[in-house]
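Just so you know, ligand 1 is whichever comes first in the structure, and atom 1 is the first atom listed for that ligand. Both backbone and side-chain heavy atoms feed into the values below; hydrogens, waters and symmetry mates do not.
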Amino acid sequence: MEQELLTEQPNTQPQELSPNILEVSGLKQYFPMKVNFLGKPLAYVHAVDGVSFNLERGKTIGIVGESGCGKTTLGKTILKLYKKYDGKVIFDGKDTDELTRADMPKFRCDMQLIFQDPYSSLPPRMTVGSIISEAVKVHNIVPKEQVREYVHGVMDRCGLQQHYFDRYPHEFSGGQRQRICIARALAVKPKLVICDEPVSALDVSIQAQIINLLKKLQKEEGMSYMFISHDLSVVKYISDTIAVMYLGNIVEYGTTDRICGNPLHPYTQALFSAVPNPDPHAKSDRIALEGDLPSPANPPKGCKFHTRCKYCSEKCTLVTPEFREIAPGHSVACHLYADE
Ligand SMILES: Nc1ncnc2c1ncn2[C@@H]1O[C@H](COP(=O)(O)OP(=O)(O)O)[C@@H](O)[C@H]1O
Ligand code: SF4
Ligand SMILES: [Mg+2]
């Protein structure tokens, strides 16, 4: 009876905000390759092949792996730029499958994308000010009469001088252009920014400036980042957690400290040994990553990494390793750790 009374009470509690801005489970993105005469796909490229992870509000997840392993496709599928093949994406507490047409403008505003190539991602015939203002106006971020002042403020926070407002993208260097892209994304107050190789096209000296800018803005604004890169040495400076991807799957996931201090998967170890050590006297224990990434249209059976792994056993060629938690917050998919 008491139980009944309790359940009949109206729910007057405010809805609690989920601690995660993003929850991805079993996400798959298959691209049709060959089609029969009826247009039915006969084969697929398994670009993202069952990816699951959570991202806490205000934190950064680094997604790292060789070119072609599915990082960009993962980002674009989360952004709903591709219709997913399978799986679930919960963004800001809401299943993105349930978003209606009317919900889409807010979704497009809350989740922003910064690309690798700041040269092609800015419209050449618009001034810097109008590029940033356009997004602010479309999403009604501030009243019309305050747009100019607001954009000046955003430019200032992104290290862009106010007189750049009336200049064109081609007048700027790669690093400055990436600052313009960041300002455009930041100006609409997003909750999540997917940064897809945002510094890969920039000089090494400029890379650190852009990473530091992203970190500073995150501290000020509290937004979350999904930071995609093929370069572990870049990812580790900005990420709270790191997911290592290989042929469409996460093969290792953990806090940055765990992944950098104790990488377990032979693929993660190989990625680390490819990072040059600045100490010329350090002993080199480089693990060569031999061969090319196999085709995601026809991935190897068993462990997908077995064709390139120096620890490969017969079991690895037959049985897909389970993705298991080895220590709190540190998971790996490899038979070497099956009994731990
Ligand atoms: N639109 C598409 N159609 C067909 N195949 C694609 C498409 N986009 C990406 N792929 C394939 O999916 C795989 C993953 O690509 P991508 O996500 O770009 O990897 P990454 O960003 O890690 O370099 C690659 O084999 C790529 O050729
Ligand atoms: S499961 Fe086997 S092939 Fe795969 S990474 Fe581990 S040891 Fe290497
Ligand atoms: Mg990519």
Side-chain angles (χ1 to χ4, degrees), residues 27-35 41-51 62-85 113-117 120-121 194-201 226-232 234-235 242-253 263-273 287-324 326 331-340:
L27 191 63
K28 290 185 183 173
Q29 184 61 58
Y30 293 178
F31 295 112
M33 239 175 58
K34 285 188 209 141
V35 288
L42 296 171
Y44 288 95
V45 175
H46 297 203
V48 174
D49 202 9
V51 163
I63 309 282
V64 71
E66 281 164 287
S67 176
C69 74
K71 306 180 296 297
T72 295
T73 305
L74 175 63
K76 287 189 172 172
T77 308
I78 292 170
L79 276 153
K80 281 176 90 75
L81 296 176
Y82 293 140
K83 190 173 180 303
K84 66 183 158 55
Y85 183 85
L113 174 65
I114 299 172
F115 302 95
Q116 167 171 5
D117 184 4
S120 65
S121 53
I194 297 187
C195 311
D196 190 356
E197 306 265 11
V199 298
S200 303
M226 182 169 147
F227 190 97
I228 295 170
S229 176
H230 66 280
D231 189 346
L232 244 177
V234 168
V235 163
I242 294 179
V244 181
M245 267 186 90
Y246 189 76
L247 271 183
N249 296 107
I250 294 179
V251 294
E252 186 164 5
Y253 170 83
L264 297 176
H265 198 283
Y267 180 62
T268 316
Q269 292 170 358
L271 286 182
F272 266 112
S273 67
I287 307 167
L289 195 52
E290 280 170 13
D292 293 332
L293 192 71
S295 164
N298 187 20
K301 299 267 171 311
C303 171
K304 286 183 183 173
F305 188 56
H306 85 252
T307 53
R308 302 165 82 191
C309 180
K310 65 174 183 174
Y311 304 107
C312 176
S313 66
E314 197 191 347
K315 184 179 179 186
C316 305
T317 64
L318 302 169
V319 184
T320 306
E322 225 181 285
F323 191 64
R324 297 176 66 241
I326 299 296
S331 304
V332 65
C334 172
H335 292 309
L336 293 176
Y337 308 98
D339 302 321
E340 291 194 9

Of the choices Phe31, Tyr30, Tyr44, which has the non-hydrogen atom that lies closest to atom 2 (C) of ligand 1? Phe31
Check the orientation of His265 and Phe305. Use parallel for under 30°, tilted for 30 to 60°, and perpendicular for over 60°. tilted
Between [X] (side chain only) and [Y] (backbone N and O only), is there a donor and an acceptor less than 3.5 Å apart?
X	Y	result
Gln29	Leu74	no
His335	Val319	yes
Gln269	Leu264	yes

Please determine if Gly68 has a nitrogen or oxygen closer than 3.5 Å to a nitrogen or oxygen of ligand 1. yes
What is the closest protein heavy atom to [atom], and at what distance does it sit?
atom	result
atom 5 (S) of ligand 2	His265 CE1, 3.5 Å
atom 4 (Fe) of ligand 2	Cys303 SG, 2.4 Å
atom 6 (Fe) of ligand 2	Cys334 SG, 2.3 Å
atom 2 (Fe) of ligand 2	Cys316 SG, 2.3 Å
atom 1 (S) of ligand 2	His335 N, 3.3 Å
atom 8 (Fe) of ligand 2	Cys309 SG, 2.3 Å
atom 15 (O) of ligand 1	Thr73 OG1, 3.8 Å

For His306, the ligand 2 atoms with a heavy-atom partner under 4.0 Å come out as 3 (S)
Give the atoms of ligand 2, by number and element, whose distance to some non-hydrogen atom of Tyr311 is under 4.0 Å. 7 (S)
I'd like to check which ligand 1 atoms, numbered from 1 as shown, lie under 4.0 Å from a non-hydrogen atom of [X].
X	value
Glu66	22 (O)
Ser67	23 (O)
Pro296	25 (O)

Side-chain contact, heavy-atom cut-off 4.5 Å: His46 with Tyr85? no
Could you tell me whether the Mg ion (ligand 3) has an N, O or S atom of Thr73 under 2.8 Å away? no
